[in-house]
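Written below as structure tokens is the structure these notes are about.
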Number of protein chains: 2
Amino acid sequence: MQHLTRDEIRQSLTACGLKATHQRIVVLEAVAELHGSHPTAEDVFQRLRPANPTISLGTVYKTLDTFTETGMLRRVVSEGGSKRYDSNTMTHSHIYCSKTKEIVDFEDKELEQLLIKFFSERQVENFEIKGFSIQLTGCKVEPDKKISITRVSK
Amino acid sequence: MQHLTRDEIRQSLTACGLKATHQRIVVLEAVAELHGSHPTAEDVFQRLRPANPTISLGTVYKTLDTFTETGMLRRVVSEGGSKRYDSNTMTHSHIYCSKTKEIVDFEDKELEQLLIKFFSERQVENFEIKGFSIQLTGCKVEPDKKISITRVSK
DNA sequence: CAGTAAATAAGAATGTTTCTTAACTAGGAA
DNA sequence: TTCCTAGTTAAGAAACATTCTTATTTACTG
């Protein structure tokens, strides 16, 4: 999630066996800059277009796909509409607002531990678990304010 | 999830303030018959077309939307592609196979309790929680066999 | 720096969903 | 029952989202 220089991006592309093209670099930069907003291909395209007026939308689609395959990005599940991407590939969960269509990240080590323990006591047959996440669905109360999660003192 | 007669469907439609039209009845029947497969609008359309050759795909889309709004159905989140629906509106979780694109239901009271307890100790500010679910992502091992979840004896 | 395999731009094609409008129908009132 | 009306539907156009095709360009190899 930290800022990467272009050379660092170049290196991680090569490490994944991908050619370090200008297009791939700027797509990855744009997704990183938009992190937290779970952008669509169109969002990413709009973001990098001013500085890269010749890039094509098809390339953005293809590049995001490629990055998802190599694990450099994740696809975020959503209730439909368009595909959305996340530069945070660590285990984390999402809060979905059905009113504003926002998807808010939320990370909780305690919850993660709880689930790891739970699934260690279960066996999913004929399935290789790659990851898990929780999704909370509901509605924002004040559409203009932020959503945040805090611990309640017992 | 149990079988409903047409009169029972008619009643639940009326209870939701909807006119009990033939189209709504057969759409609801079709989704119920396809339960477990998380059908798309197109799937539902194909299912009920033979017996209802004059129904239009647009009506199926609109009807599924209407049912989702009233809470008679749920929309299942997925990694993109088309919108998928679920006739099971109880709290339950999903296993996603990235290979076959299958979505398998899985229900676990113990997990549900665990999460209820967890969230009772957290406060999500500016957000009204309507529900939660877990998603397991990964890959089927044998594409032709079923996925099942069992408890491991400690 | 030349050769080659891979990647890109552009736009066509495909797939998915919503919108528009005129015709139809369920359910309430007479 | 029959009529009335608001809500619903069929059909297809339109909008939106994604993938595919092909000629051209580019990154990497030696």
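Order of the sequence lines sets the chain letters (A, B, ...), proteins ahead of strands, with each chain counted from 1. Note that the structure is predicted; figures quoted are calculated from it, not measured.
With a 4.5 Å cut-off between side-chain heavy atoms of Ile, Leu, Val, Met, Phe, Trp and Tyr, the cluster of B:I103 takes in A:V76, A:V77, A:Y96, A:I103, B:V76, B:V77, B:Y96.
Annotation: of the two residues near DNA chain C, B:R10 and B:R84, the 5′-most nearest-nucleotide partner is B:R84.
Side-chain contact, A:D105 with A:H38: a donor N or O sits under 3.5 Å from an acceptor N or O. No hydrogens or angles considered: nothing links the side chains of A:D65 and A:T68 as a donor-acceptor pair under 3.5 Å.
Rounded to whole Å, the distance from CD on A:Q11 to P on D:dC28 is 12 Å. Separating the CG atom of A:L28 from the P atom of C:dA7 is a distance of 15 Å, rounded to the nearest angstrom. Rounded to whole Å, atom C1' of C:dT16 lies 13 Å from atom CG of B:D65. If you measure from atom NZ of B:K19 to atom P of C:dC24, you get 15 Å, rounded to the nearest angstrom. Whole-Å rounding puts the A:E79 CD to D:dA17 C1' distance at 18 Å. Rounded to whole Å, atom P of D:dA6 lies 18 Å from atom CG of B:L18.
Hydrophobic cluster membership is shared by B:I116 and A:L114, with clusters built from Ile, Leu, Val, Met, Phe, Trp and Tyr side chains linked at under 4.5 angstrom. Residue B:V141 is not grouped with residue A:F132 when hydrophobic side chains (ILVMFWY) are merged at heavy-atom distances under 4.5 angstrom, including chains of intermediate members.
An OP1 or OP2 oxygen of D:dT19 is reached within less than 4.0 angstrom by no side-chain nitrogen or oxygen of A:Y61. Contact check, B:K83 against D:dA17: no side-chain N or O comes under 4.0 Å of OP1 or OP2.
Under the 4.5 Å side-chain criterion, counting only non-hydrogen atoms from C-beta, B:F118 is in contact with A:D108.
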Please lay out, stage by stage, how B:K146 and A:E125 fare under the test salt bridge (Lys or Arg N to Asp or Glu O under 4.0 Å). CA-CA 8 Å; B:K146 279 203 170 180; A:E125 272 169 85; over 6 Å; no
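Of all the residues in residues 37-52 of chain B, not one reaches under 4.0 Å from DNA chain D with any non-hydrogen atom.
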Nucleotide N/O of nucleotides 8-12 of chain C paired with protein N/O under 3.5 Å:
residue	atom	partner	partner atom	Å
C:dT8	OP1	A:T21	OG1	2.8
C:dT8	O3'	A:Q23	NE2	2.7
C:dA9	OP1	A:Q23	NE2	3.3
C:dA9	OP1	A:T54	O	3.3
C:dA9	OP2	A:S56	N	3.1
C:dA9	OP2	A:T59	OG1	2.4

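Separation of atoms CZ (A:F127) and CG (B:L136) is listed at 6.0 Å; rounding is to 0.5 Å.
Residues A:R10 and A:D7 are paired through a salt bridge, judged by an N-O separation under 4.0 Å between the basic side chain and the carboxylate.
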